[in-house]
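Both counts, for ligands and for their atoms, begin at 1 and track the order of listing.
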Amino acid sequence: MEQLSFVDLKDKICVITGGGGVLGSSIARGLASAGVVTVILDINEEAASRLAEEIRSETGVDAFGYKADVLDRGSLEAVREKILREAGRVDILINGAGGNSPSATTRLEQITEEDLNRMDEGFFGLELDGFRKVFDLNFTGTLLPTLVFTREMATRQSGVVLNISSMNAFRPLTKIPAYSAAKASINNFTQWLAVHLAKVGVRVNAIAPGFFLTSQNRFLLLDEKTGKLTPRGEKIIASTPMGVFGDPDDLNGTVLYLLSDMSRFITGICIPVDGGYSAYGGV
Ligand code: NAD
């Protein structure tokens, strides 16, 4: 019987978008611990290059940090050419850039009879620009890097893509319709592309993190002044059977599994990493 391990990941080259963020940087460190060479892309150049430097000095494993905008095909292609020139291939793509924004968030969860004179605080007050920004960052920001980096994987008949979805993909959360729609689209696209590339050795999967405190959701979950949970934060904890927010490192086992040959017969799925949130009916 073959020995099971993540050893096949050693020396693989992985591009991770949004890699300078909270979840992305924890994933990048987890990958380095398995010997993966990470190419960290972020619109925030300083975050990307600082992280690469830290990974190199902490682990001795190669890591690179570059500025790239997931909504700008040219900037992604420039990085791809650089990697192909220097390393010859990209084995893994993680689409980690994404997030929500106050500009696509309603103040009201629902409109009741008492709210009829302030309907602009709900759905009817959403600006198309804000909605588009969040939808595009999450969906188009996954689509474009995938277009740019998987062609060469298909030609070589080897590669893995991992998309970062969310609980919102299964059932939308109140207040954030653009983010929810985009993450649902990511799950659908994960399945579509998995089928499309299944015969050329490229697997496409996703993870759906539950609730982790990061810069994109802190304003919704913690009171800025007191630092205490907002009513929404309390609801989330009450809806998470394990009773806590996730620690970014909690994603790493699932990520390594989906990237390695351990999951070689798995494509087109989305694994929740959520402390039980998606399993719980609330009662
Ligand atoms: P984060 O804000 O810490 O990280 C996002 C990173 O993406 C940032 O470093 C940011 O600079 C970068 N970025 C933003 N726009 C970009 C662009 N146009 N091009 C390139 N990079 C860009 O947030 P996070 O919580 O670490 O989010 C990572 C992913 O996980 C996102 O897709 C998010 O939707 C998803 N997610 C987060 C949670 C959570 O609880 N935090 C839950 C589910 C899913």
**Asked** Do any N or O atoms from the side chain of Arg156 and from the backbone of Val90 form a donor-acceptor pair under 3.5 angstrom?
**Response**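 Yes; at least one donor-acceptor contact below 3.5 Å.
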**Arg107 (side chain) donor-acceptor with Gly122 (main chain) under 3.5 angstrom** =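 Looks like no, no N/O pair under 3.5 Å.
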List the closest protein heavy-atom neighbour of [atom]: residue, atom name, distance to the nearest 0.1 Å.
{"atom": "atom 18 (N) of ligand 1", "value": "Asp69 OD1, 2.8 Å"}
{"atom": "atom 39 (C) of ligand 1", "value": "Phe212 O, 3.4 Å"}
{"atom": "atom 8 (C) of ligand 1", "value": "Asp42 OD2, 3.6 Å"}
{"atom": "atom 27 (O) of ligand 1", "value": "Gln216 NE2, 3.7 Å"}
{"atom": "atom 7 (O) of ligand 1", "value": "Gly18 CA, 3.4 Å"}
{"atom": "atom 3 (O) of ligand 1", "value": "Val22 N, 2.9 Å"}
{"atom": "atom 1 (P) of ligand 1", "value": "Ser215 OG, 3.7 Å"}
{"atom": "atom 13 (N) of ligand 1", "value": "Ile43 CG2, 3.9 Å"}

N/O to N/O below 3.5 Å, does that happen between [X] and ligand 1?
{"X": "Ile164", "value": "no"}
{"X": "Leu137", "value": "no"}
{"X": "Asn44", "value": "no"}
{"X": "Leu23", "value": "yes"}
{"X": "Leu213", "value": "no"}
{"X": "Lys183", "value": "yes"}
{"X": "Gly21", "value": "yes"}
{"X": "Phe211", "value": "no"}
{"X": "Pro209", "value": "no"}

May I ask you to say whether [X] pairs ionically with [Y], meaning some side-chain N is under 4.0 Å from a carboxylate O?
{"X": "Arg264", "Y": "Asp261", "value": "no"}
{"X": "Glu77", "Y": "Arg73", "value": "yes"}
{"X": "Glu121", "Y": "Arg118", "value": "yes"}
{"X": "Glu109", "Y": "Lys235", "value": "yes"}

**Item:** Under 3.5 Å side-chain donor-acceptor pair for Thr267 and Asn205
**Value:**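 Per modelled atom types, Thr267 and Asn205 side chains form no pair under 3.5 Å.
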**Message:** Checking Phe245 against Leu229 for the side chain to side chain contact (heavy atoms under 4.5 Å, CB included) test, could you report, in this order, the C-alpha distance in whole Å, the side-chain angles of both residues, the deciding distance, and whether it holds?
**Reply:** CA-CA 11 Å; Phe245 289 118; Leu229 286 173; 3.6 Å; yes
**Residue from Thr142, Thr190, Asn138 passing side chain to side chain donor-acceptor pair (under 3.5 Å) with Asn163** =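 In the set Thr142, Thr190, Asn138, the residue that makes a side chain to side chain donor-acceptor pair (under 3.5 Å) with Asn163 is Thr190.
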**Prompt:** Partners of Phe135 by ring-ring contact (aromatic ring centres under 6.0 Å, His included), sequence neighbours excluded?
**Reply:**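 For Phe135 the ring-ring contact (aromatic ring centres under 6.0 Å, His included) partners, ignoring immediate neighbours, are Phe139.
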Show the atoms of ligand 1 that are less than 4.0 angstrom away from any heavy atom in [X].
{"X": "Thr214", "result": "23 (O), 24 (P), 25 (O), 41 (N)"}
{"X": "Ala97", "result": "7 (O), 21 (N), 22 (C), 32 (O)"}
{"X": "Gly98", "result": "5 (C), 31 (C), 32 (O), 34 (O)"}
{"X": "Gly210", "result": "40 (O), 42 (C), 43 (C)"}
{"X": "Ser165", "result": "43 (C), 44 (C)"}
{"X": "Gly99", "result": "34 (O)"}

**Request:** Mark the output for Phe245 as yes if a heavy-atom distance to ligand 1 is under 4.0 Å, and as no if none is.
**Result:**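 False for this residue.
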**Asked** Hey, is CD on Glu224 packed in by over 12 heavy atoms from elsewhere, all under 6.0 Å?
**Response**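 No - once you tally the heavy atoms of other residues, nucleotides and ligands closer than 6.0 Å, there are 12 at most.
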**Which segment of Ala68 sits under 4.0 Å of ligand 1 when only heavy atoms are counted** =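 For Ala68, the contact with ligand 1 is made by the backbone alone.
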**Asked** Is Ala47 touching ligand 1 with its side chain, its backbone, both, or neither, if touching means heavy atoms under 4.0 Å apart?
**Response**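 The answer is neither.
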**Asked** Step by step, would you call Val36 with Leu9 a side chain to side chain contact (heavy atoms under 4.5 Å, CB included)?
**Response** CA-CA 6 Å; Val36 176; Leu9 286 175; 3.8 Å; yes
**Message:** If you apply the rule salt bridge (charged side-chain N to carboxylate O under 4.0 Å, His left out), what do you find for Lys10 with Asp8, and how did you get there?
**Reply:** CA-CA 6 Å; Lys10 191 168 175 317; Asp8 62 288; over 6 Å; no
**Request:** Verify side chain to side chain contact (heavy atoms under 4.5 Å, CB included) between Arg29 and Asp249, making sure each step is shown before the conclusion.
**Result:** CA-CA 9 Å; Arg29 287 178 200 280; Asp249 289 352; over 6 Å; no
**Prompt:** What pairs of residues pass the ring pair (Phe, Tyr, Trp, His ring centres under 6.0 Å) test when at least one of them lies in residues 259-280, not counting sequence neighbours?
**Reply:**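 Checked against ring pair (Phe, Tyr, Trp, His ring centres under 6.0 Å) - neighbours excluded - the pairs reaching residues 259-280 are Phe211-Tyr277.
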**Winner among Gly19, Gly96, Gly246 once heavy atoms are compared against atom 31 (C) of ligand 1** =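 Result: the heavy atom closest to atom 31 (C) of ligand 1 is in Gly96.
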**Item:** Heavy-atom pair with the smallest gap, counting every atom of Gly99 and Leu137
**Value:**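 Distance-wise, the nearest heavy atoms are N-CD2, 4.1 Å.
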